[in-house]
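To start, the structure itself, in structure tokens.
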Amino acid sequence: MLTLGDLATWDFPGTALAVLGHPIKHSLSPLMHNAALAELARSNARFADWKYFRFDVPPDDLPKALQELHARGFHGINLTVPHKILAVQEVATIDAAAQPVGAVNTLRRTAEGWAGFNTDGYGMAEAVREGLGLELTGRPVVLLGAGGAARGAAVECLQRHCASLWIANRTADNLAKLLAQLQPIADGVPIHGFAPDHIPTELPTGALIINATSAGLHPDDPVPIDLARLPKPAGVFDMIYNPPLTPLLAAAEQLALPHANGMAMLVHQGAKALEIWSGVAAGQTAPMMAAALAASR
Ligand code: NDP
């Protein structure tokens, strides 16, 4: 693991990529990216000197870190907690699709500075398709949570024209703020908010349930919603991947509902980031990344 101090003597001669976070010790990104790069290098010498590093960067140091990484010739950066929102202020340009998310997780080097992108929404949509066989387009969606991940998921659902978006959150104020931010980009998609213990009678059957709360990260966490009280959903997707079976997914299993955790989202957002840096299609490297993660468990 590296820190900002290591850049003072940086002399890696190849194409450098990195993830920045705080903490960063448990990030799986270096493992999956380096595995994909090694496999690409077997058939394409261009990738022989590509390497993905990880840096522990406290939030106050982010502006300096991004400047230094640019000056040292880094080609691409991933950002994780707590940098995704902070970095929006530090980029030279931001991808139009990432603008309403208000957060970036992928930066590509340009002569003028960093170009910012957000691949989390793509990762979620691909994971829902792969794990549940569902498309966001035309599907009613019940989204749990109103934090950063929920905002990204909501924007993706709206950009892909889900049939309707129902957002439930524990804290009413946070829900109201998110709803106000989403209304201007709803583009005709009906958006509703509700408290998780007051389930609206109008909720449609066949909805996709997405958990974007952090409830489920710890074994004693409550379920973010009682699935048994909802009209029968088409499937349940939980962004959490550790533990692999959250209380919400265990409840889905009990009710015999199709369900999937967030591991494939991690893979697909990573593969899309690598596509942005390298031009190699995300569909080609996602299986390499998934295999590396599976082998490490
Ligand atoms: P934030 O801290 O921004 O938001 C947390 C959300 O969870 C809020 O809506 C909060 O509600 C809610 N929440 C927290 N604890 C509880 C609880 N006990 N019961 C009900 N609701 C609760 O976090 P993020 O949005 O950044 O991340 C959310 C989750 O998504 C995390 O678990 C993260 O690991 C996962 N994630 C997975 C990714 C992947 O690649 N698979 C990518 C990004 C995120 P309130 O407003 O009431 O506080």
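Just follow the structure's listing: the first ligand is 1, and inside any ligand the first atom is 1. Everything numeric here is computed off the predicted structure, so don't read it as measured data.
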- Task: Any atoms of ligand 1 less than 4.0 Å from a non-hydrogen atom of Gly148? List them with their elements.
- Result: 3 (O), 25 (O)
- Name the option, out of Met265, Met124, Met263, that contains the heavy atom nearest to atom 39 (C) of ligand 1. Met265
- Tell me which part of Asn174 gets within contact of ligand 1: side chain, backbone, both or neither, using heavy atoms under 4.0 Å. side chain
- In terms of atom number and element, which parts of ligand 1 are under 4.0 angstrom from non-hydrogen atoms of Gly145? 9 (O)
- Message: Run the side-chain hydrogen bond (donor to acceptor under 3.5 Å, both in side chains) test on Asp238 and Asn261 for me, step by step, so that the C-alpha distance in whole Å, both residues' side-chain angles and the decisive distance to 0.1 Å come before the verdict.
- Response: CA-CA 5 Å; Asp238 200 324; Asn261 70 27; over 6 Å; no
- Mark up the atoms of ligand 1 that fall under 4.0 Å of a heavy atom belonging to Leu266, in ascending order. 40 (O)
- Task: State, yes or no, whether a side-chain contact exists between His268 and Tyr122 at a heavy-atom distance under 4.5 Å.
- Result: yes
- Task: Just let me know how Asn169 lines up against ligand 1, side chain, backbone, both or neither, with a heavy-atom cut-off below 4.0 Å.
- Result: side chain
- Under 4.0 Å from any heavy atom of Tyr241, which atoms of ligand 1 are there? 41 (N)
- Message: Looking only at side-chain N and O atoms, does Asn211 offer a donor or acceptor that is under 3.5 Å from a partner on Thr213?
- Response: yes
- Message: So, regarding Pro222 and ligand 1 (criterion: nitrogen or oxygen to nitrogen or oxygen, under 3.5 Å), is there a contact or not?
- Response: no
- If you scan protein heavy atoms around atom 5 (C) of ligand 1, the nearest is Ser214 OG, 3.7 Å
- His22 side chain near Pro59 side chain, heavy-atom distance below 4.5 Å: yes
- Judging by distance only, is a nitrogen or oxygen of Gln269 under 3.5 angstrom from one on ligand 1? no
- Task: Say whether, by atom type as modelled, one donor and one acceptor occur between the side chain of His83 and the main chain of Val57 under 3.5 angstrom.
- Result: yes
- Message: Evaluate His33 against Trp50 for ring pair (Phe, Tyr, Trp, His ring centres under 6.0 Å), listing each step before the verdict.
- Response: CA-CA 10 Å; His33 277 277; Trp50 286 51; over 10 Å; no
- Are Leu144 and Asn169 side-chain neighbours, meaning at least one heavy-atom pair lies under 4.5 Å? no
- Query: So does Arg160 pair up with Glu156, basic N to acidic O under 4.0 Å?
  - Reply: yes
- Would you mind reporting whether Phe194 and Val142 have side-chain heavy atoms less than 4.5 Å apart? yes
- Message: Tell me whether Gln254 at atom CD has more than 12 heavy atoms from other residues, nucleotides or ligands lying less than 6.0 Å away.
- Response: no
- Message: Counting only heavy atoms closer than 4.0 Å, does ligand 1 sit against the backbone of Ile240, its side chain, both, or neither?
- Response: side chain
- Any atoms of ligand 1 less than 4.0 Å from a non-hydrogen atom of Thr171? List them with their elements. 45 (P), 46 (O), 47 (O), 48 (O)
- Per-atom filter on ligand 1: closer than 4.0 angstrom to a heavy atom of Gly262 are 41 (N)
- atom 37 (C) of ligand 1 [closest protein heavy-atom partner, distance rounded to 0.1 Å]: Met239 O, 3.4 Å
- Query: Can you check whether His70's main-chain N or O pairs, donor with acceptor, with Arg109's side chain at less than 3.5 Å?
  - Reply: yes
- among protein heavy atoms, the one nearest atom 22 (C) of ligand 1 is Arg170 CZ, 3.7 Å
- Query: Is Leu248 linked to Ile199 within one hydrophobic cluster, defined over Ile, Leu, Val, Met, Phe, Trp and Tyr using a side-chain heavy-atom separation of less than 4.5 Å?
  - Reply: yes
- Message: As a test of the contact definition, would atom 14 (C) of ligand 1 count as having a protein heavy-atom neighbour under 4.0 Å?
- Response: yes
- Task: Starting from atom 19 (N) of ligand 1, locate the nearest protein heavy atom and write down its residue, its atom name and how far away it is, to 0.1 Å.
- Result: Ala215 CB, 3.7 Å
- May I ask you to test the Phe53-Pro30 pair for a side-chain heavy-atom distance under 4.5 Å? no
- Message: Under 4.0 Å and counting heavy atoms only, is there anything from the protein next to atom 24 (P) of ligand 1?
- Response: yes
- Item | Min heavy-atom dist Pro224 to ligand 1 below 4.0 Å | no
- Query: Looking at Leu217, which atoms of ligand 1 are within less than 4.0 Å of one of its heavy atoms?
  - Reply: 32 (O)
- Task: Check each atom of ligand 1 against the heavy atoms of Ala146 and keep those under 4.0 Å away; list them by number with element.
- Result: 9 (O)
- Item | Protein contact of atom 44 (C) of ligand 1 - nearest heavy atom, named by residue and atom, plus distance | Ala149 CB, 3.7 Å
- Query: Ring centroid separation for Trp277 and Phe117, is it under 6.0 angstrom?
  - Reply: no
- Query: Applying a strict 4.0 Å limit to heavy atoms, is Ala212 in contact with ligand 1?
  - Reply: yes
